[in-house]
Amino acid sequence: MNRRHFIQSTAFALSGFPLISNTKSAHRAIGANDRIRIAVAGLNSRGKSHINGFLGQKNVEIAYVIDPDKRLLSRTVESLKGRGQKNIKGVTDVRTALEDKDVDALTIATPNHWHSLMTIWGAQSGKHVYVEKPMSHDVFEGRIAVAAQQKYGVVIQHGTQQRSDASRAGLHEQIKAGKWGRLKISYGYCCKPRGSIGHKNISPPPAHLDWNLWKGPAVIEKFHGNYVHYNWHWFWATGNGDLNNQGTHQLDVARWAIDDDQTHPVRTMAIGGRYQWKDQGETPNSMFGMAEYANGQQVFFNVRNVNYKGYKRQVENQYYFEDGGRIIGKSYYPKGSDKGEKIEFGKGKVTPGGTWGSFITACRAGKPEMANGNVKDAHYGCVLGHLINNSYRLGKKVPFNQKAGNFEDNKEASEHFGKLHEIMGKGVGIPEKENTYTVGPWLTFDAKKERHTGEYADDANELLQDTNNAEFKVPELNDV
C-alpha cells in the first residue's frame, strides 16, 4: 500500500467508513485506445442523455440498454441499431447485462430507489459505474455503495455535472483558501416551477411493464399511474422530493464549498409543506432546510416549486462570509453594499472531457480518483439532503406564519425563512388562517457512526434505511 492510498483509506476510516481489504473483482483491462462497452439502465429522460453523451465519445459502444418497460426498450433498441449500434441488446433485468464479462461499465438513469443497489451490483461485477443523482435513496445504502467501491476498486462517478466544471472548482478553491474571508453559509436554491400531478387510481400495472423489476428494492403495495415514468420523484418510497432531485446538484455544490475536513453535518432541520396542488404527491413543494457542521459552517437550502405570477426561477448557489460579504452569481458584494464586483472564478482541478468524457478517461485509466464527483463526495452530498428530509418527515403541523420556524438564535436562518414565507403568502397567495407549516425537529447526527443521536434518535434512525423486497435487498456491510 503506497502512502497516497494509505492516506485516502485512513480518511475514509476516520469518516466512519471501515477499512476493507482490497479484493478487487477482475474487471477487464482497458487500454487507452480500446473500445469501452457500456450498459445503460433506465431509458427515459436522463437515460437518453446517457446514450447520446456516451455515443459522442470516441470508441464507445452501447452494448446493452435496460428497462422494465418493454415498449420503451424495443423502441430504444431499434433506434440504436439505426445509429450504428448493430450488436445492441435490450434486456429488462440489469443482472443479465452484469453477467456479460465484456461489459466494461454500467450507467444508471433509473428511479432513485434503484440507484445504490445497481451501483453495488455493478461494482461487485467488476463494472465501472456512472450513477445519476442522487446516488442513494437513503443513508444506509449510500454507505454500502462507498464500501463496494473501496472493495472492488472500480470507478464510480456521480451525475452531479458541475463537478466537471473547472470554473466552479476554481471558485471553491479560492473560497477555501480564504480569499473573501471565512465562509459562514453555503446556500443552495432549487426553485423551479412545477405543477400538480393530480390523482391516479390504483390499477393493475400495464402489460408492457415488468412491475416487479420496476419496484425492485422498493416496498410498494399497489400500482398507480403516477409512478411511471416521472412522478415517482414525489413519493417517499421511490423518490426524495425536489430537495434530492434537482436540488442534489445545488446541495453538492453547497457542500463542496464547506471545509475539506468536514464530512456530514451534525445538526439538521427543515420547515415547509405541499401547497395548492391538492394532489397525490407526498414530498414538499416548498421547503427551507438547514444543516450545521462541526466546524460551525452551515448549509441553507430553499425549495420553491409552486408557480405564480412573477415567479423567480432560482437554480443556483450563493455564499455568505463571516465578515458580511457575499457571492451571488459571478459577483462579490462587500458587507453593506448592493454593488457587486465581478470576480474571476479561475480554473480548478478537474478531469477534462466534461461529464461523459471524464468518466471514460477515468475508466480507461482505471483510476477511481479521476472521477469528477467520486463516490465519497456523492455520499456526503446525498446524505446532507437525506438528513434535511428526515427532519421534515418527522415534523409537526404549526400555524402558517413567519414565526413558525424553530431557528433558535440563528438570525440568518430567520431572515431567509422570512423571505420564503413572504413569497408563499404575498406571491403565491396562501392565506395564513387556512394553512400550516410542517416544522421538523432539530436532528443531531454522529458523522462518524452515521447515526442520529439525541431526543429524536429512535424515530430518525428508522429513516436511515429503507425496508427492501427480499429479491432486491441492499446487502449489509459484511456482505458487500
Side-chain angles (χ1 to χ4, degrees), residues 160 162-163 165-191 243 247-271 287-304 312 314-350 377 380-381 383-385 387-388 405 407-423 442 447:
T160 43
Q162 291 195 63
R163 288 281 177 169
D165 185 339
S167 64
R168 181 66 68 176
L171 173 63
H172 288 160
E173 288 175 11
Q174 292 181 75
I175 288 174
K176 291 174 183 179
K179 181 173 181 178
W180 297 281
R182 179 166 172 74
L183 179 69
K184 184 176 183 180
I185 300 167
S186 191
Y187 202 146
Y189 291 84
C190 170
C191 302
L243 177 71
T248 308
H249 295 289
Q250 287 69 50
L251 278 170
D252 179 68
V253 169
R255 199 204 69 82
W256 192 2
I258 298 295
D259 288 352
D260 287 334
D261 61 351
Q262 301 300 294
T263 57
H264 299 304
V266 295
R267 288 211 311 165
T268 58
M269 71 85 65
I271 177 173
M287 174 194 273
F288 177 77
M290 57 184 299
E292 296 179 358
Y293 287 81
N295 67 351
Q297 290 180 315
Q298 301 171 75
V299 167
F300 287 179
F301 207 88
N302 185 189
V303 173
R304 183 165 41 79
K312 181 180 179 182
Q314 284 181 284
V315 182
E316 62 178 332
N317 287 83
Q318 300 175 356
Y319 309 89
Y320 294 79
F321 299 90
E322 288 185 346
D323 69 353
R326 63 197 189 279
I327 292 175
I328 299 175
K330 294 187 176 181
S331 297
Y332 171 74
Y333 295 81
K335 179 181 180 180
S337 174
D338 59 358
K339 295 183 179 179
E341 306 165 357
K342 291 293 183 182
I343 59 177
E344 294 293 332
F345 283 17
K347 297 293 183 181
K349 184 179 178 181
V350 299
D377 287 326
Y380 294 147
V383 169
L384 172 59
L387 298 185
I388 292 173
F407 305 118
E408 299 175 348
D409 59 351
N410 192 318
K411 295 181 180 179
E412 290 91 350
S414 296
E415 176 187 341
H416 284 285
F417 170 70
K419 293 178 180 178
L420 171 62
H421 178 73
E422 183 175 2
I423 289 172
W442 278 101

Subject >> Shortest non-hydrogen contact between Ile388 and Ala270, atoms and distance >> reply: O-CB, 3.5 Å
Subject >> Spacing of CD belonging to Glu316 relative to OH belonging to Tyr187, to within rounding of 0.5 Å >> reply: 10.0 Å
Subject >> Asp261/Lys176 ion pair, N-O < 4.0 Å >> reply: no
Subject >> Reported CZ-to-CD distance for the pair Arg182 and Gln297, which is rounded to 0.5 angstrom >> reply: 4.5 Å
**OP:** Output the distance between atom NE2 (His249) and atom CG (Asn317), rounded to the nearest 0.5 Å.
**Re:** 11.5 Å
Original post:
More than 12 foreign heavy atoms under 6.0 Å from CD of Glu344: is that the case here?
Top reply: no
Subject >> Pair Gln174-Trp180, side chain to side chain contact (heavy atoms under 4.5 Å, CB included): steps then yes or no >> reply: CA-CA 8 Å; Gln174 292 181 75; Trp180 297 281; 3.6 Å; yes
Original post:
Are Tyr319 and His172 close enough that their ring centres sit under 6.0 Å apart?
Top reply: yes
**OP:** Hey, can you tell me if Phe300 and His416 have their rings parallel, tilted or perpendicular (30° and 60° cut-offs)?
**Re:** perpendicular
Original post:
Of the non-hydrogen atoms in Gly340 and Ser331, which two are nearest, and what is the gap between them?
Top reply: CA-CB, 4.0 Å
Subject >> Considering all heavy atoms, the nearest Ile258-Gln298 contact >> reply: CD1-O, 4.0 Å
Subject >> Worked check of side chain to side chain contact (heavy atoms under 4.5 Å, CB included) between Lys339 and Tyr333 >> reply: CA-CA 6 Å; Lys339 295 183 179 179; Tyr333 295 81; 5.7 Å; no
**OP:** Look up atom NE2 in His421 and atom CZ in Phe288, then write down how far apart they are to the nearest 0.5 Å.
**Re:** 14.0 Å
**OP:** Quick one: pull up SG in Cys191 and CD1 in Ile423 and give me the separation to the nearest 0.5 Å.
**Re:** 7.0 Å
Original post:
Measuring from Leu251:CG to Leu243:CG, what's the distance to the nearest 0.5 Å?
Top reply: 5.0 Å
**OP:** Mind running side chain to side chain contact (heavy atoms under 4.5 Å, CB included) on Phe345 and Lys330 for me, showing each step along the way?
**Re:** CA-CA 8 Å; Phe345 283 17; Lys330 294 187 176 181; 3.8 Å; yes
